[in-house]
Novice: 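The structure's right below; bear with me while I get my questions together.
This is a predicted model, so every value here is computed, not measured. So you know, we letter chains A, B, ... as the sequences are listed, proteins then strands, and number each from 1.
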Amino acid sequence: MIKVKSLSVIYRGTNAVVPAIRDISFAMERGSTCAVIGPSGCGKTTMLYVLAGLRPDFEGQVEVAEAPVRPKRRETALILQDYGLLPWKTVRQNVVLGLELRGVGKSERLSRCEGIMNDLGLLAVKNLYPSQLSGGQRQRVAIARAMAVQPDLLLMDEPFSSLDALTRENLQDNLLEIWSGRQMTVLIVTHNIEEAVFLGQKIIVLSPRPAGVLAEVENNGVGTPGWRSSQEFFRVCTRLRGMLVKEERQLCAARAGQGS
Amino acid sequence: MRGTGRTGFLGSPALPIIAAITFLLSAWHLLAVFLQLAALPIPGVAFGTFLERITGDLGFHLQVSTYRVLVSIVVSLVLAVPLGLFLGREPRFDAFIAPLIYVVYPVPKIVFLPVIIALFGLGDFPKILLIVLVIFFQILVTTRDAARKVDQATIDSILSLGASRLQVYRQVIWPAALPDVFTALRIVTGTAIAVLFISETFVSREGLGYFILDAWSRSKWDEVYAGIIAMGMLGIVLYGILDFLDRRVCRWKHL
Ligand SMILES: Nc1ncnc2c1ncn2[C@@H]1O[C@H](COP(=O)(O)OP(=O)(O)OP(=O)(O)O)[C@@H](O)[C@H]1O
Ligand SMILES: [Mg+2]
């Protein structure tokens, strides 16, 4: 579904040149999930922008669904870090937005969104505005809005990072349910080790900026019953934590070296 | 205060407004009784003349002035808002236009009144043109700055949903700028009435400005105040309408 080969991204500002991503390669099977984990500011959001076709200025090859990545691919859905909901639209108007932009008629888009709003428990709040919702509800709206256009590729940027632990696990469960019910490829960027291991059949560990692939971890237990409390789950978490801690130490050592 | 209590006239809480009016009229009355000046009749006399004349000539002049102000505001809005949204989002064009605005904006347009009258005579058009000249830039600058500060992530997220350029304007830039457009409109309404007054006192035979100036030249102070009351009402009603529209259109701002 996704094929990335030697991807590099450089931000060229007026007074600085920031290499954000250096030589990333990885691939994702159709219908699989992948979690990308890495330190803050390493270039994760940048990578999602490239995959969503919103950043055409990159080097290397990026293919989505066996074709070079392009803007406005209709089957790609992107959920940004701050959810990107429109404050002037109610929950329901936000959810149907994708269909509205595609010119789907009013009654049809409403009926097509009932199901997903019901799945995510949004029917009770459908006439409220985003500012009237809790963080978890807002995130649900963002998921519903993305799902309403029936994407085959879902890109999420730290979707649950600002939520409390229980809400977060709840939404992770919701996401897996939605995923297993559809032929959908999910790529999720996260800071959270447990989240990466719970959701990603493949976990990609990125190095600090400019991001490169530090490791790729296969994690095939995702979606199996009781996964979150299984021995294997904890084993992968520990392994991942080990990698990230080592990375952090090296980074500190490098910084100290620079400083002296 | 928001969202609480009952809302009355044009969406504003009625009771505090009635209280404010009562307070102002009482103060006026006391001052008038205390000072005993011809130039300051008691409100009872002023309102008496107002009520007497509003069904006649004063009503006509009020109509003329209302028409001029409304047309000016609508025309400015229709011209300035789309241009402002566009300039706010297209830095390449803005780089070209911004210096122009920078130079023209602070120039007091009212000083062109004699020129405009010389060119276009004494009808409605020169007055509307003058008001538009003044308030167009105020709306333009506010709208442009509002469009500029629209959050890029919001735009990106609707681009990712497949929005076209035009849809980005319709679905994001325009609604995001709307509250600021209303703020601009509130400011501009007062300015528009002030500019109208000046242009109507300048060789004119119609409008509240003329009515007040004419009464003044005859030292008919009760009539002067009747005209002032009409002008005040024009302002208050326009504000009320703006408030009402704001609450309806920007509902998410008033939760
Ligand atoms: N428009 C831009 N211009 C210049 N540099 C940028 C721009 N956007 C991001 N960067 C830089 O590129 C690097 C990667 O940014 P990015 O947002 O992709 O990081 P991230 O991994 O998503 O971080 P976080 O985990 O904090 O969200 C950062 O160092 C950032 O400062
Ligand atoms: Mg990020």
Novice: Considering only heavy atoms, which portion of Leu78(A) lies under 4.5 Å from any heavy atom of chain B: side chain, backbone, both, or neither?
Specialist: both
Novice: At a 4.5 Å cut-off on heavy atoms, which part of Thr76(A) comes close to chain B: side chain, backbone, both, or neither?
Specialist: backbone
Novice: In this structure, are over 12 heavy atoms from other groups packed under 6.0 Å from Glu29(A) atom CD?
Specialist: no
Novice: For Phe86(B), look at atom CZ and say whether over 12 heavy atoms of other residues, nucleotides or ligands are found less than 6.0 Å away.
Specialist: yes
Novice: Does the structure place the NZ or CZ of Lys109(B) under 6.0 Å from the centre of the six-membered ring of Phe137(B), at an angle of no more than 45° from the ring's axis?
Specialist: yes
Novice: Out of Arg145(A), Lys89(A), Arg102(A), return the one with the most heavy atom pairs under 4.5 angstrom to chain B.
Specialist: Arg145(A)
Novice: Tell me, out of Glu100(A), Gln81(A), Arg73(A), who's got the most heavy-atom pairs with chain B below 4.5 Å.
Specialist: Glu100(A)
Novice: Once the angle between the rings of Phe125(B) and Phe120(B) is folded into 0 to 90°, is it parallel (under 30°), tilted (30 to 60°) or perpendicular (over 60°)?
Specialist: perpendicular
Novice: Heavy-atom distances under 4.5 Å only: say whether Ile158(B) touches chain A with side chain, backbone, both or neither.
Specialist: both
Novice: For the pair Arg68(B) and Glu206(B), find out whether any cationic side-chain nitrogen is under 4.0 Å from an anionic carboxylate oxygen.
Specialist: yes
